[in-house]
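This report concerns only the one structure given below.
Residue numbers run from 1 in the order of the sequence given. Every number for a ligand or one of its atoms is a count from 1 in the order of the listing. This one's a predicted model, so the numbers in the text were calculated from it and none came from an experiment.
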Amino acid sequence: MCKSDCVILAAGNSTRMNSHISKQFMEIGSKPILYYSLSKVINNKFIDNIYLVLEEKYIEYCKEYIIDKFFKGIDMEIVIGGRTRQESVYNALKLVKGDYVLIHDSARPFLSDECIINAVKYANIYDASSCYIRPFDTIKFKIDESIETLPREDVFIIQTPQCFKTELLLLAYDYVNSNNLVITDESSALDSINKSTYFYPGDRENIKITTIEDLYIGEGILKNIIRRECNEDI
Ligand code: CTP
Ligand code: MG
């Protein structure tokens with residue numbers, strides 16, 4: 001299996017968190033949220049070069065309080081983010097050297113090793129992969145003035161990581177950008193050029209930290225992960 005380069009997105013400004021500091025630098029379990037995803041990809045043998053996308057104003061802060069503190073000596077390329085997630089991904093994508101690239105939101109600190117390995121494995125087979133989970137809630141949508149219910153078994157909640165053959169994702173992004181399309185994940189970029197993505201089941205611990213409530217949920221998930229790891233060691 002070919003290794004994959006990895007883009008960690010950490011250039012968002014967390015408007016929905018309403019905090020004075022961007023959420024990726026806030027703490028869960030006394031460590032910054034960004035620490036967890038970085039640590040996972042650094043320690044995964046299927047991940048090669050790492051590109052960390054940051055807002056320019058946070059570069060020095062991140063070097064001092066995360067990279068030098070937890071990952072001293074680990075090689076990673078810092079990329080300046082854009083105004084949108086889409087722009088941030090593209091800024092990094094243009095620099096990626098490897099044949100495969102895995103994209104992950106730093107706002108999802110609890111991605112598992114299995115999820116990373118599956119992303120790379122399925123991208124090697126199908127050129128594009130993404131994890132998903134199923135909704136438990138009833139999902140309605142509005143068409144004109146009426147409200148309809150979606151068949152829940154046909155609804156997917158899309159997560160990251162997502163992994164792609166680099167040249168394919170670049171082609172899709174070039175198409176999206178030149179047609180002024182707006183996307184919120186990479187599988188949608190592939191949709192726009194009629195290429196399919198292989199979707200595999202992710203897990204519910206891989207939440208996206210978005211609002212303040214998610215910090216409490218994150219603390220609970222982290223405790224559970226630590227408890228599980230302790231049991232595995234016995
Ligand atoms: N992201 C990024 N560059 C941007 C916007 C988002 O790198 N210009 C990253 C975020 O840091 C995050 C991931 O993309 O890890 C998913 O975005 P989201 O959860 O929406 O984070 P924010 O955009 O920061 O939050 P909000 O939408 O509430 O402002
Ligand atoms: Mg956002």
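Heavy-atom distances between Val53 and ligand 1 stay at or above 4.0 Å for every pair. Within the structure, ligand 1 lacks Thr210 among the residues with a heavy atom less than 4.0 angstrom away. Within the 4.0 Å heavy-atom cutoff, Lys23 counts among the residues contacting ligand 1.
Among protein heavy atoms, the minimum distance from atom 9 (C) of ligand 1 is reached at Leu9 CB, 3.8 Å. The nearest protein atom to atom 2 (C) of ligand 1, hydrogens excluded, is given as Gly12 N, 3.3 Å; this is a heavy-atom distance. In terms of protein heavy-atom proximity, atom 20 (O) of ligand 1 is nearest to Arg16 NH2, 2.9 Å. Ranking the protein heavy atoms by distance from atom 26 (P) of ligand 1 puts Thr15 OG1, 3.3 Å first. Summary of contacts: the protein heavy atom closest to atom 22 (P) of ligand 1 is Ser14 N, 3.8 Å.
Remark: ligand 1 atoms within the under-4.0 Å shell around heavy atoms of Arg83 are 8 (N). Close contacts of ligand 1 with Asp105, meaning ligand atoms under 4.0 Å from a residue heavy atom, involve 13 (C), 14 (O), 15 (O), 16 (C). The distance from ligand 1 to the heavy atoms of Gln24 drops below 4.0 Å at these ligand atoms: 11 (O). Short contacts between ligand 1 and Asn13, defined as distances under 4.0 Å to a heavy atom of the residue, involve ligand atoms 24 (O). Residue Ser88 has at least one heavy-atom neighbour below 4.0 Å for each of these atoms of ligand 1: 2 (C), 3 (N), 4 (C), 7 (O), 8 (N). Within ligand 1, counting atoms from 1 as listed, the ones closer than 4.0 Å to a heavy atom of Ala11 are 2 (C), 3 (N), 4 (C), 7 (O), 8 (N), 11 (O).
With atom 8 (N) of ligand 1 as the reference point, the heavy atom nearest to it among Pro109, Gly81, Ala10, Gly82 is part of Gly82. One option in Lys208, Arg85, Glu55 has a heavy atom closer to atom 14 (O) of ligand 1 than any other, and that option is Arg85.
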Carefully, step by step, assess Tyr65 and Phe25 under the rule ring-ring contact (aromatic ring centres under 6.0 Å, His included). CA-CA 9 Å; Tyr65 293 103; Phe25 306 114; 9.7 Å; no
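With hydrogens and angles disregarded, a donor-acceptor distance shorter than 3.5 Å links the side chain of Gln24 to the backbone of Ala10. Using modelled atom types, one side-chain atom of Asp203 and one backbone atom of Glu205 make a donor-acceptor pair closer than 3.5 Å. Remark: side-chain polar atoms of Ser106 are paired, donor with acceptor, to backbone N or O of Leu9 under 3.5 angstrom. Within the 3.5 Å criterion, the main-chain N or O of Phe46 finds a donor-acceptor partner in the side chain of Asn44.
Using the six-membered ring where Trp is involved, Tyr173 and Tyr90 have ring planes that are parallel, under 30° apart on the 30 and 60° scheme.
The two residues Ile212 and Met17 make their nearest non-hydrogen contact at N-SD, 3.4 Å.
Classification of Asp48 and Lys97 as a salt-bridged pair fails, no side-chain N sitting under 4.0 Å from a carboxylate O. Taking 4.0 Å as the cut-off between side-chain N and carboxylate O, Lys121 and Glu114 do not count as a salt-bridged pair. Asp113 and Lys40 are joined by a salt bridge, as a carboxylate oxygen and a charged side-chain nitrogen come within less than 4.0 angstrom of each other.
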